[in-house]
Each structure stands twice: as structure tokens, then as C-alpha cells.
Asks: 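Before we start, here is the structure in question, set down as C-alpha cells.
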Amino acid sequence: MGLLALGTALDWPDAQKQAHLVREWGIKQLLEIWKKAKGKERDAMLWGDEVEYLVVTYSKDDPKVLLSLRQADILDALAKDKSLAQRRCSPTPDESGYKSNQPNPVFHPEFGRFMLEATPGKPWGIEFKELLEVESNMKLRRCIAKDHMRPNEYPITLTTFPRIGSPGVFTDPYYPVSGPKLRSQFVPDEIANPHIRFPTLAANIRSRRGRKVQVNVPVFRDENTSWPWKDPTVNYDLHQWPEDDDVRNGAAPDNFIHMDAMAFGMGSCCLQITFQAKNLTEGRQMYDQLSPLGPIMLALTAATPVYKGFLADTDVRWNQISKAVDDRTPEELGEKPLEKDRWRIPKSRYASNSTYISEDARLRPEYLDPDLVIDENIKQQLLDGGMDDRLATHFAHLFIRDPIVIFAEDLQELDLNKTDHFENIQSTNWQHMRFKPPPADNSIGWRVEFRPMEIQITDFENAAFAVFMVLITRVILSYRLNFYIPIKKVDENMETAHARDAVLTRRFYFRRNLFPPATRPSRRGSPSGSSTPTSAATSRPPTPFGPVEDEYRLMTINEIINGTAYARANPGDVPASTTDDKGNDEYATDDFPGLIPLVESYLDSVNVDVTTRCRLARYLDLIRKRASGELWTAAHWIRNFVANHPEPDEPSP
Ligand code: ADP
Ligand code: MG
Ligand code: MG
Ligand code: MG
Ligand code: MG
Ligand code: MG
């Protein structure tokens with residue numbers, strides 16, 4: 001999290017009055033940094049990962065696992081310890097003798113008072129050797145975090161705590177519900193980071209909406225689930241807060257697990273990767289080209305099958321976070337005619353991207369959403385300030401939102417040497433990609449953040465997914481790959497990614513020919529290692545002016561990641577798709593090379609020593625086998641664990 005300034009946070013009615021000013025100043029700050037940084041060139045190809053943890057308590061004598069609410073004490077202990085327990089947690093030395101020059105990792109607060117975030121001490125560079133350091137650095141971070149906890153506390157990388165909000169005790173220490181900030185009937189206010197920013201964020205989202213957030217997740221139905229299913233933990237008889245009426249007004253529909261607070265979403269952990277581009281143009285290209293990969297990587301990393309102690313019918317956290325911070329009013333949601341509000345807004349401020357931002361000639365206008373909601377006024381200011389139409393559209397879309405947390409002290413005068421007002425809006429637009437301009441001092445470059453992935457249980461897996469994203473990004477840039485599909489199809493894919501075992505049972509819209517005309521690399525091989533170009537590339541020349549619908553088709557993740565040849569040989573649950581979504585089988589011979597084979601041909605074409613190549617192969621192998629179903633997702637594993645778990649009074653098998 002950026003933004004942790006101290007000050008007097010305004011309650012919603014006062015904040016709303018200042019929203020206009022914050023947007024106005026935010027745009028001025030954005031234009032200032034735009035002017036300073038638009039011509040920046042040759043920034044280094046740096047990147048960095050962020051790992052988020054839950055802190056739990058557990059001991060042999062007390063095996064009931066609880067969320068530890070000691071985030072502040074743990075961060076304090078970490079901040080005070082200059083050596084950060086390097087002696088006890090030294091990173092495993094690299095076999096090749098490669099010496100790390102990473103400083104100590106950095107620990108950050110997060111929304112949940114039971115959460116931590118850790119990043120490397122400085123971003124990773126372009127060296128392949130550094131890719132091999134990521135896993136040991138992640139282990140180091142975990143070890144250092146643990147070293148500053150009590151003996152019965154552990155940092156774990158689960159997306160969500162399965163029993164958060166269940167009846168009974170789930171935090172250590174215990175606090176009763178419900179508090180004035182969250183007004184939740186399931187979680188106490190003490191679940192959130194006490195820094196004024198966080199409870200204010202939750203309270204102001206609730207006030208702006210005019211009711212509590214409604215996080216309803218379809219419950220998993222098995223042969224023993226009574227149907228229709230009513231969430232047995234919902235209390236319809238509370239009368240402490242006005243919001244206690246929500247459930248009496250239909251907030252908790254049948255067949256859904258019902259949750260009512262920001263903590264149910266923002267208390268989730270994810271794995272994020274930030275890339276620095278060499279310049280603005282490359283950053284915009286990276287943003288666009290990585291966008292269609294978002295839903296694919298979400299499904300591949302699925303790790304969230306349980307909420308509030310119930311198995312859900314979905315496998316990923318995304319939509320739940322989206323609902324947990326959805327501040328739209330009934331007018332914006334389309335439930336009431338527009339009177340006070342300016343627009344109907346189709347998505348929460350936490351949602352998949354709604355537009356592309358590159359001026360790439362391959363971006364056809366048909367890929368964009370004609371109904372994108374933007375603030376025309378703000379767009380005009382950006383255009384007048386010299387920004388081009390496409391980027392101005394992007395920011396004019398982000399700026400349809402109100403700032404949620406405003407500190408009175410920041411409203412005294414506009415400081416163009418800061419970006420605080422811009423960041424206020426930018427950092428509360430939680431889209432699956434984030435385009436990060438340089439900071440006010442222009443000390444670093446234009447960055448792109450890839451945000452959809454779920455955190456994995458082990459550091460090996462987290463390193464594998466981080467490394468894969470770095471490699472695929474380099475492949476995209478070196479081969480000038482084209483992943484464009486209509487942005488609305490990316491939205492659809494994001495929904496598809498929620499299905500149980502989506503990685504094996506669903507198909508996703510994906511571009512059929514990734515290669516630009518005439519610059520196809522010669523070394524690209526098929527998965528079997530032969531260098532015959534795939535029929536997709538040979539028999540289907542790119543048709544930039546043909547119908548957009550012909551440019552993409554439905555594919556399994558196995559096809560997307562491993563290629564059609566591998567997918568046919570290792571079909572998993574869904575056979576390699578031979579039909580389009582209308583049932584036509586015209587694509588039966590339409591081969592797709594697969595992202596892993598593309599990464600491998602890229603690695604063949606650059607100078608990587610054998611040891612490095614072998615170690616990278618372990619990571620690629622995890623991704624390959626996840627995609628084919630040879631390895632389970634964490635969601636599948638947890639589901640299986642719950643389904644086969646004996647009742648507490650049954651003897652263990
Ligand atoms: P946020 O929480 O706003 O996404 P963080 O400060 O937690 O941002 O950092 C995100 C990641 O970006 C970290 O891994 C960090 O090391 C990395 N990072 C920092 N500077 C750069 C840079 N110039 N280029 C690429 N990555 C960077
Ligand atoms: Mg974070
Ligand atoms: Mg961070
Ligand atoms: Mg965060
Ligand atoms: Mg952040
Ligand atoms: Mg981040």
C-alpha cells in the first residue's frame with residue numbers, strides 16, 4: 001500500500017464535498033508528472049513482486065487456527081531490527097556461486113490487521129540469474145517475518161482465511177461484533193488495520209453506497225446441501241445500526257454465502273508483479289498486451305474455494321473483493337433513476353480493466369468499449385494539457401470515481417511537487433492491471449502492474465508464477481506479440497475464471513494468431529521441439545481488416561499455455577477445442593503455439609547457461625502441469641481436503 005500519511009480523515013459527507021477539488025488537483029498533478037516524464041527514455045527493465053501473508057496462531061496444544069491481529073507489533077519489531085535476523089534466515093547460497101546484492105526485504109502494512117506484505121529490498125534487474133533468486137528471497141522474507149512473531153504465530157500464504165466471519169472465535173485476541181466503522185454482523189471493527197485510513201475507507205464506502213457492502217458468493221451444492229440453501233449464520237434480528245436492516249431488505253439471497261464488510265475482500269492475499277518499461281510507449285504496450293492474460297492467470301492460480309467456513313461454488317477471490325469495495329450508489333448501479341449522480345457505472349472500482357491505452361496501430365477501435373464511462377471534462381483538461389486521446393480516456397475513466405479517504409490537512413494548497421491527490425484516485429481504482437506513472441520526483445520510470453494472480457501456498461509456486469510473468473513479458477516485447485481481443489471479451493473471461501476448476505473445465509476467448517505480419521521469429525518451435533511453424537501461423541495470414549470475431553476463438557487454458565499439440569496429447573477434462581462457441585468446427589486444425597513453448601523458444605534464442613535453464617524449467621513445468629490438470633490448483637486441493645475431512649468426532653482414516 002502506498003499512501004499512509006497521517007492526518008484528519010474526513011467523514012463521508014465532508015469528503016464528498018471535497019471530491020471535486022481532489023479530482024481537480026489530482027489532474028493537475030498528473031499533468032505535471034506527464035510533462036516531466038513523457039519523454040523519459042531508456043529506463044532499466046526492472047521488476048518487482050509483492051507477496052501478501054495472513055498471520056495465524058497455531059500450536060500443538062491449541063490446534064484451532066486463529067487470525068492473529070498483531071500486524072502493528074510485528075511491523076514494529078521488523079522496523080526496529082536493523083539486521084532483520086539475517087543470521088537465522090540467511091538465503092540459501094546459489095549453487096553457481098552467484099552472489100545476491102539484494103538489500104533486506106521490505107515489509108508493508110495491509111488492510112487486514114492479520115495481514116503483512118513483503119517485497120524485495122529493491123527491484124529485480126534484467127539478469128536471468130536474478131530470476132533464480134526470487135524463490136530464495138521469498139523464503140527469506142517468510143523466515144524474517146516468522147522470526148519477528150511469537151512462537152505460535154506463522155505467516156501463511158492463503159488467499160483468504162477460510163473461517164473469517166464464522167460464528168464463534170476466529171481472531172486472537174477475540175473481539176465481539178459489531179462496531180461503528182464496519183457495522184458488520186460477522187466481523188469486528190478490530191479486524192481492520194487501525195490506521196485511520198483503513199476504517200475510514202470502509203466506513204466511507206459504506207456511507208457512499210447508502211448500505212453495507214454485499215459480498216454474496218454462490219454456495220457449493222453437493223448431494224447433502226439442502227436447497228434452496230439459506231446461510232445459517234445470518235442474523236435477521238439485529239437492531240443496533242440502521243444497516244442491520246440490510247438483510248431484512250434482501251441483502252442475503254438464498255443459495256449464497258453472505259458477507260457484509262470490506263474485510264471479506266480486502267482481507268485477501270494476492271501476488272502482484274510490477275514491471276518498469278524503458279519508456280512510455282513500451283509501458284502502454286505492456287499494459288495492453290498483459291491485459292488479456294489476466295483472467296487466464298487468475299484461473300491458473302485459483303486458490304479461494306472457502307468463505308466463512310462454507311465451500312463456495314467459485315474458486316477465485318476476484319469478484320468478492322470487487323463487491324467488498326463497491327461504493328456505487330443505487331443510482332450508479334441502475335437501481336434508481338439518475339438524479340444526484342452523474343452516471344450509471346457498470347463496474348465496481350475493483351474490477352477488470354475497461355480500456356486499452358496503447359497507440360499501437362494493431363489496436364483496432366473495435367477492441368475498445370464504446371460505452372466506456374468517462375468524465376468528459378477531465379478528458380478535455382488532459383487533452384488541453386497535451387495528453388493524447390487514448391491515455392486521456394484511460395485517466396478520465398479512472399477519475400469518474402470519488403476519492404474515498406481525504407485528509408483535511410492535504411486540502412490547504414495544491415502542491416505540484418507531489419502526486420498525492422492523483423494517487424488518491426489512482427490507488428483506489430483496483431483494476432487487474434495498473435498503469436503507474438513515475439513518482440513526482442521522476443526518479444523512476446513508467447511501470448505496469450499485473451494484479452490478478454492469487455497468492456500460492458508455497459514460495460516455490462509464487463516464484464514460478466512471478467518468473468513466468470517476467471519471461472512471458474520479455475517474449476511479448478522481443479517478438480512483438482499481439483494478444484489483443486475486444487476488452488469486453490476480457491471481462492467475460494474474468495467471469496469465466498471464477499468457475500470451479502475453470503482451468504480444466506472452461507474455455508476462454510484468446511487471440512488465434514499472436515504474431516505480427518512478417519516478423520515471426522524463425523526459432524519458434526512446436527512443443528515437441530520440432531521447428532515446423534504451426535498451421536495457425538502459416539495457413540492464416542493476419543487479416544488486420546477482417547472481422548474482429550475471426551481473430552479470436554475459445555480455447556482451454558491447456559491450449560493457451562501449452563499449445564494445441566500438447567493439449568491434444570494431454571487433454572485433461574476438456575478436449576482441445578475443435579469448435580467455436582457456436583458449435584462450428586472450422587477451427588479443428590487451427591493450431592495455437594502455446595505460451596510455454598513460446599517462452600522456451602525465447603530461452604533458446606538468448607544466452608542462458610544450462611544450470612539456469614534447468615532451474616527455470618522447474619518453474620515452467622509447474623505452470624505447464626497446472627494448465628493441463630496434471631497438477632492441482634490450490635483451490636482444488638483445499639476443496640478436496642475439506643470434502644474428505646472426517647467430521648471432528650469421526651476417527652481419522
Ligand atoms: P504498490 O503496493 O503500490 O503496488 P509497492 O511499493 O509495494 O507498490 O511495490 C511494488 C513492487 O514494485 C515491489 O516489488 C518493488 O520492488 C517494485 N518496484 C519498485 N521500484 C520499481 C521500478 N522502478 N521498476 C519496477 N519495479 C519496481
Ligand atoms: Mg498489497
Ligand atoms: Mg505493495
Ligand atoms: Mg495492497
Ligand atoms: Mg498496493
Ligand atoms: Mg501492488
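As the structure lists them, so they are numbered: ligands from 1, and atoms in each ligand from 1.
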Asks: Looking only at N, O or S atoms, which one in Glu52 sits nearest to the Mg ion (ligand 2)?
Replies: OE2
Asks: Give a yes or no on whether a salt bridge exists between Lys80 and Asp76, defined as a side-chain N under 4.0 angstrom from a carboxylate O.
Replies: yes
Asks: Please name the atom of Glu117, restricted to N, O or S, that is closest to the Mg ion (ligand 3).
Replies: OE2
Asks: Answer yes or no as to whether an N/O/S atom of Gln272 is found below 2.8 Å from the Mg ion (ligand 6).
Replies: yes
Asks: Would you name the N/O/S atom of Glu50 that lies closest to the Mg ion (ligand 6)?
Replies: OE2
Asks: With carbon and hydrogen excluded and only N/O/S kept, which atom of Glu449 is nearest the Mg ion (ligand 6)?
Replies: OE2
Asks: Check side-chain hydrogen bond (donor to acceptor under 3.5 Å, both in side chains) between Ser268 and all other residues, then give those that pass, not counting sequence neighbours.
Replies: none
Asks: For the CD1 atom of Ile156 and the CG atom of Leu54, what is their distance to the nearest 0.5 Å?
Replies: 5.0 Å
Asks: Any N/O/S atom, side chain or main chain, of Glu110 closer to the Mg ion (ligand 2) than 2.8 Å?
Replies: yes
Asks: Could you work out, with side-chain hydrogen bond (donor to acceptor under 3.5 Å, both in side chains) as the rule, every residue matching Asn216, not counting sequence neighbours?
Replies: His258
Asks: Thinking salt bridges, do Arg183 and Asp260 make one under a 4.0 Å N-O criterion?
Replies: no
